[in-house]
Amino acid sequence: MNLAFIPVRCGSKSIPFKNIKEFCGKPLVYWNLKALQNSNEIHKIFVATDCKKIKDIVESFNFPKVKVYDREPENAVDTATSESVMLEFIYKNDFKDNDLFLLVQATSPFTQAKDFD
């Protein structure tokens, strides 16, 4: 199974709530979620967040492949790395050795389904 993982948190110091700021008429995170949803090769998409506002917005897109993962508070602070939340997620789930895990940054809105494929 091919899994996409997008870490988005509330607490950006430079641009608060940057991942849900409007970009071309939609929240920034929408664009990668749409591309992943339209990908033929991605089977499941996980958005890791600590924020109800982000969770509600992501769920409002109604993309069938998308699930929200509630990340631990210690992995949602400024000093937490993307790797720390990825490892948290991987350790809490049962994946197979042949599963492909793809990290996707919400701040790359020009990525298209063909790029993920």
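Keep in mind it's a predicted model, so treat the numbers as computed, not measured. Numbering of residues begins at 1 and proceeds along the displayed sequence.
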In Å and rounded to the nearest 0.5 Å, what is the [atom1] to [atom2] distance from [X] to [Y]?
X: D56; Y: C51; atom1: CG; atom2: SG; value: 8.5 Å
X: L28; Y: N19; atom1: CG; atom2: CG; value: 6.0 Å
X: K52; Y: I57; atom1: NZ; atom2: CD1; value: 10.5 Å

Search all heavy atoms of Q105 against all heavy atoms of N32 and return the closest pair with its distance.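 Here Q105 and N32 meet closest at O-ND2, 2.7 Å.
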
Identify the two heavy atoms, one from A35 and one from F116, that lie closest to each other, and give their separation to 0.1 Å.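 In terms of heavy atoms, the two residues are closest at CB-CE1, 3.8 Å.
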
Going only through I, L, V, M, F, W and Y residues with side-chain contacts under 4.5 Å, is there a path from F95 to V85?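 Same cluster: F95 reaches V85 through Ile, Leu, Val, Met, Phe, Trp or Tyr contacts under 4.5 Å.
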
Are L36 and V58 linked, directly or through intermediate hydrophobic residues, by side-chain heavy-atom contacts shorter than 4.5 Å (ILVMFWY only)?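 Yes, V58 connects to L36 through the hydrophobic network.
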
Verdict with reasoning, F101 to F46, per ring pair (Phe, Tyr, Trp, His ring centres under 6.0 Å): CA-CA 10 Å; F101 184 90; F46 294 93; 8.5 Å; no

Is there side-chain contact between [X] and [Y], with at least one heavy-atom pair below 4.5 Å?
X: K21; Y: P27; answer: no
X: V104; Y: T111; answer: no
X: E59; Y: V68; answer: yes
X: L87; Y: N75; answer: no

Would one find more than 12 heavy atoms of other residues, nucleotides or ligands at under 6.0 Å from atom CG of N98?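 More than 12 heavy atoms, drawn from other residues, nucleotides or ligands, come within 6.0 Å of this atom.
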
Within the supplied structure, the quantity of interest is the number of heavy atoms (other residues, nucleotides, ligands) at a distance under 6.0 Å from K44 NZ; does it exceed 12?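 No, the 6.0 Å shell around NZ holds no more than 12 heavy atoms from other groups.
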
For the side chain of [X] and the backbone of [Y], is there at least one donor-acceptor N/O pair under 3.5 Å apart?
X: H43; Y: N2; value: yes
X: T49; Y: K55; value: no
X: K65; Y: I42; value: yes
X: D50; Y: R71; value: no
X: D115; Y: Q112; value: yes
X: D117; Y: E41; value: yes
X: W31; Y: F23; value: yes
X: N38; Y: K34; value: yes
X: T81; Y: S84; value: yes

Could you check L102 against F5 for side chain to side chain contact (heavy atoms under 4.5 Å, CB included), going step by step and ending with a plain yes or no? CA-CA 6 Å; L102 178 68; F5 184 82; over 6 Å; no

For F63 and Y30, take the angle between the two ring planes, folded into 0 to 90°, and tell me which bin it lands in: parallel under 30, tilted 30 to 60, perpendicular over 60.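 Judged by the thresholds at 30° and 60°, the geometry between F63 and Y30 is tilted.
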
When you look at L100 and L3, which way does the side chain to side chain contact (heavy atoms under 4.5 Å, CB included) test go after all the steps? CA-CA 6 Å; L100 177 71; L3 313 165; over 6 Å; no

Salt bridge between K92 and E72, side-chain N to carboxylate O under 4.0 Å?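 Judged by the 4.0 Å cut-off on N to carboxylate O distance, K92 and E72 do form a salt bridge.
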
Taking it one step at a time, do L103 and M86 satisfy side chain to side chain contact (heavy atoms under 4.5 Å, CB included)? CA-CA 8 Å; L103 172 64; M86 289 188 308; 3.8 Å; yes

Please evaluate residues V8 and I20 with respect to the criterion side chain to side chain contact (heavy atoms under 4.5 Å, CB included), reporting the C-alpha separation (whole Å), side-chain torsions for both, the decisive distance (0.1 Å), and the verdict. CA-CA 9 Å; V8 291; I20 55 172; over 6 Å; no

Measuring centre to centre across the rings, with the benzene-like ring taken for any Trp, is F89 within less than 6.0 Å of Y69?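 Distance test on ring centres: under 6.0 Å, yes.
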
